[in-house]
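A short write-up of the structure that comes next.
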Amino acid sequence: MNETLQTMWKRRSVRKYKSDPIPESDLNLILESARRAPTGANRQKWAMIVITEPELRKEVAKACNNQIWIADAPVILCLVTLPGEGSINGTIVLDHAILSATSLGYGTCWIGAYSPEKVKEVLGIPEDHGIVCLTPVGIPAEQPNERPRKKPNELFMKEKDEDLLLSSLKRIAPGTDIRSGIEYILQSKTGALIVVGDAEQVLKLVDGGFYIGCSFTPAKFYELAKMDGAIILSRDAGRILYANAHLYPNPLIKTTETGTRHRTAERVAKQTKTLVISISQKRDVVTIYIDNIKYILEEPRIVLSKANQALQTLAKYKEGLDYLMVNLNVRELEDIATLYDVVSVLQRSAIVQKTEKEVKRFIYELGSDGRLLNMQVEELMINVVDESLKVIEDYQAIGDSVKPLDIRNKINLFNEDSLFDLENTAKILGYKPEGNLKEFPVRPKGVRIISEIKRMPDALMKNIFLKFKNLKEIMNASIEELSEVQGMGKVRASLLHDRLKKFSEYYLYNEQYSYRGGAAQRTGL
């Protein structure tokens with residue numbers, strides 16, 4: 001392992017420091033490492049405040065939620081971003097400083113728990129500047145042990161098996177030429193082994209047979225399947241490359257199949273990550289393999305029956321989500337929303353999105369026969385993903401550097417048990433609730449409701465949320481106060497004020513809803 005990786009591996013969050021000062025030469029190296037950090041378009045719109053004076057260190061420590069131990073370090077670094085700059089570049093800069101400090105033998109600790117207002121007051125930072133993070137720097141008075149990390153498969157998101165299967169089913173769905181060819185082969189009971197891909201790793205396994213190199217048609221495909229060997233198609237299945245080919249995959253690759261054709265198909269799919277189709281000669285069964293996935297195609301009538309059942313389940317879950325969303329609307333308008341209301345919406349939204357994938361799998365397998373089902377699914381899923389992202393943006397408590405889409409993806413990766421434990425979703429949002437989530441009050445920024453009642457440019461929306469910290473402040477603002485927002489103007493301010501009022505009246509005084517923050521009648525969940 002090289003020195004750079006060793007430095008990254010040994011970095012720890014140190015919370016006890018010796019009082020020994022840092023030599024100026026070492027401090028300059030740390031700061032120079034920060035200066036050399038990359039920023040978007042090389043803007044370098046940041047500043048590093050170096051705090052060494054003991055009394056000032058104590059004041060900063062108090063502003064960091066009274067974490068007094070921070071002041072024990074001889075140096076505290078505070079990374080500040082200039083107006084109009086996000087936190088991502090500043091995070092990169094501070095990370096460079098922390099890693100260089102580690103390489104020189106000093107301890108550091110990311111400090112994300114602080115009061116921005118108090119830190120700005122103590123350090124004289126202008127109001128329109130942002131604070132990314134702080135870190136103490138000093139000789140460690142302790143050597144913390146390495147803390148456990150999550151497993152790689154919990155952190156690194158690759159294309160999921162479900163998505164890979166859906167794309168494969170779509171390629172061979174009813175209505176496609178290749179599916180027509182498969183149906184011909186089933187009717188003739190000849191069986192077949194088909195590889196859909198012409199990458200180098202596939203062609204290396206091909207031996208013998210005949211090079212065809214002609215355009216694909218179901219009839220040609222069917223005739224060539226009468227020979228014993230494999231058929232190799234181009235990646236888009238538009239051309240037949242080889243017929244009666246012999247395949248020689250690695251025999252050490254494990255397979256659960258027993259028949260020669262299916263064992264070869266599974267091994268080729270695992271070795272090349274390519275779609276392989278095996279059609280049984282005697283059992284009229286079509287099995288597809290891709291990477292580690294095995295899937296047996298069923299008769300369209302059976303798939304259609306399962307698809308209809310799944311669609312009914314999706315409709316039921318969507319009805320429950322609609323109720324929860326209305327309930328959240330009312331509670332936000334009355335300023336009584338709790339963390340339970342928020343995570344309940346996100347949990348149900350994740351369930352709806354997972355169920356949609358189940359239905360989509362059947363629709364792709366049905367191909368042209370699933371058009372009507374697909375139209376129903378598309379109607380049910382209107383705005384589901386978009387609204388869940390806006391709910392996350394309204395309530396995320398881990399800073400703007402983490403995108404709502406990334407948070408949503410993490411929630412959607414939960415298995416069933418993890419998803420039904422609402423605290424898991426709360427933690428993903430950045431909360432550390434203790435006790436009942438229903439007793440944990442939260443306030444939205446107002447992104448979702450403002451977007452729903454009035455379409456405005458993103459820059460203007462951002463200015464609104466900079467001036468007013470949450471939805472309650474926006475609703476209580478007068479037309480004059482709204483018009484003070486940069487880019488708003490009195491006309492827009494008046495329209496926004498009126499629409500907010502009408503939106504609030506609709507939900508708070510409509511007979512359909514109660515006056516205690518919720519829908520009057522619950523729908524079945």
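Values below: every heavy atom of this structure, side chains too, minus hydrogens, waters and symmetry copies.
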[Y] backbone acceptor or donor facing [X] side chain under 3.5 Å:
X	Y	result
Arg443	Asn470	no
Arg12	Trp9	yes
Thr274	Thr272	yes
Thr190	Leu186	no
Asn383	Asp386	no
Glu365	Glu298	yes
Arg179	Ile172	yes
Arg361	Leu166	no
Asn244	Phe210	no
Tyr242	Gly213	no

Judged by modelled atom types alone, do [X] and [Y] share a side-chain donor-acceptor pair under 3.5 Å?
X	Y	answer
Ser418	Asn415	yes
Gln6	Asn2	no
Gln353	Asn412	yes
Gln44	Asn42	yes

Would you say [X] has more than 12 foreign heavy atoms packed within less than 6.0 Å of its [atom1]?
X	atom1	value
Leu372	CG	no
Lys16	NZ	no
Lys45	NZ	yes
Asn436	CG	yes

Do the side chains of [X] and [Y] get close enough for a salt bridge, i.e. N-O under 4.0 angstrom?
X	Y	result
Asp394	Lys390	no
Glu358	Lys354	no
Lys410	Asp406	no
Glu319	Arg348	no
Lys254	Glu266	no
Glu146	Lys10	no

In the structure I gave you, are the side-chain heavy atoms of [X] and [Y] within less than 4.5 Å of one another anywhere?
X	Y	value
Thr264	Tyr248	no
Val442	Thr338	no
Glu332	Asp341	no
Ile131	Leu79	no
Leu346	Val391	yes
Ile212	Leu241	no
Ile411	Leu419	yes

Rounded to the nearest 0.5 Å, how far apart are [atom1] of [X] and [atom2] of [Y]?
X	Y	atom1	atom2	answer
Glu387	Ile382	CD	CD1	11.0 Å
Leu169	Leu165	CG	CG	4.5 Å
Phe362	Leu311	CZ	CG	11.5 Å
Lys445	Phe465	NZ	CZ	8.0 Å
Lys427	Leu422	NZ	CG	12.0 Å
Leu389	Gln396	CG	CD	10.5 Å

Practice task
Evaluate the side-chain hydrogen bond (donor to acceptor under 3.5 Å, both in side chains) criterion for residues Lys270 and Asn250: first the C-alpha distance (whole Å), next the side-chain angles of each, then the deciding distance (0.1 Å), finally the verdict.
Solution key: CA-CA 10 Å; Lys270 287 182 176 180; Asn250 186 347; over 6 Å; no
Exercise for the section: Could you check Val268, Val276, Ile279, Thr260 and say which one makes a side-chain contact (heavy atoms from CB on, under 4.5 Å) with Leu193? Expected result: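 Of the listed residues Val268, Val276, Ile279, Thr260, the side-chain contact (heavy atoms from CB on, under 4.5 Å) partner of Leu193 is Val276.
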Problem - Qualifying residue for side-chain contact (heavy atoms from CB on, under 4.5 Å) with Trp46, from Thr39, Asn89, Val132, Ile92 - result: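 Going through the options one by one, the only one that passes is Thr39.
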Exercise for the section: Sorted by first residue and then second, give each side-chain hydrogen bond (donor to acceptor under 3.5 Å, both in side chains) pair with at least one member in residues 204-223; sequence neighbours left out. Expected result: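 Applying side-chain hydrogen bond (donor to acceptor under 3.5 Å, both in side chains) to every pair that reaches into residues 204-223, excluding sequence neighbours, yields Glu223-Lys226.
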Exercise for the section: Take Ile290 and Leu164 through the side-chain contact (heavy atoms from CB on, under 4.5 Å) test and state the conclusion after the steps. Expected result: CA-CA 8 Å; Ile290 183 165; Leu164 195 55; 4.0 Å; yes
Handout entry: Step-by-step side-chain contact (heavy atoms from CB on, under 4.5 Å) determination, Val206 to His246
Key = CA-CA 6 Å; Val206 176; His246 299 279; over 6 Å; no
Exercise for the section: Check the angle between the aromatic planes of Tyr289 and His262 and answer parallel, tilted or perpendicular using the 30° and 60° thresholds. Expected result: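 It falls in the perpendicular class, over 60°.
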Exercise for the section: For the pair Lys360 and Glu356, evaluate side-chain contact (heavy atoms from CB on, under 4.5 Å) and give the outcome as yes or no after the intermediate values. Expected result: CA-CA 6 Å; Lys360 285 284 189 180; Glu356 182 210 12; 3.7 Å; yes
Practice task
Determine the minimum heavy-atom distance between Ala192 and Ile185, stating which atoms define it.
Solution key: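 Closest heavy-atom pair between Ala192 and Ile185: CB-CD1, 4.0 Å.
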Practice task
Determine, step by step, whether Leu94 and Trp110 satisfy the side-chain contact (heavy atoms from CB on, under 4.5 Å) criterion, reporting the C-alpha distance in whole Å, the side-chain angles of both residues, the deciding distance to 0.1 Å, and the verdict.
Solution key: CA-CA 9 Å; Leu94 192 59; Trp110 283 86; 3.6 Å; yes
Practice task
Would you please indicate if the ring centroids of Phe216 and Phe221 are separated by under 6.0 Å?
Solution key: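 When the ring centroids of Phe216 and Phe221 are compared, they turn out to be within the sub-6.0 Å range.
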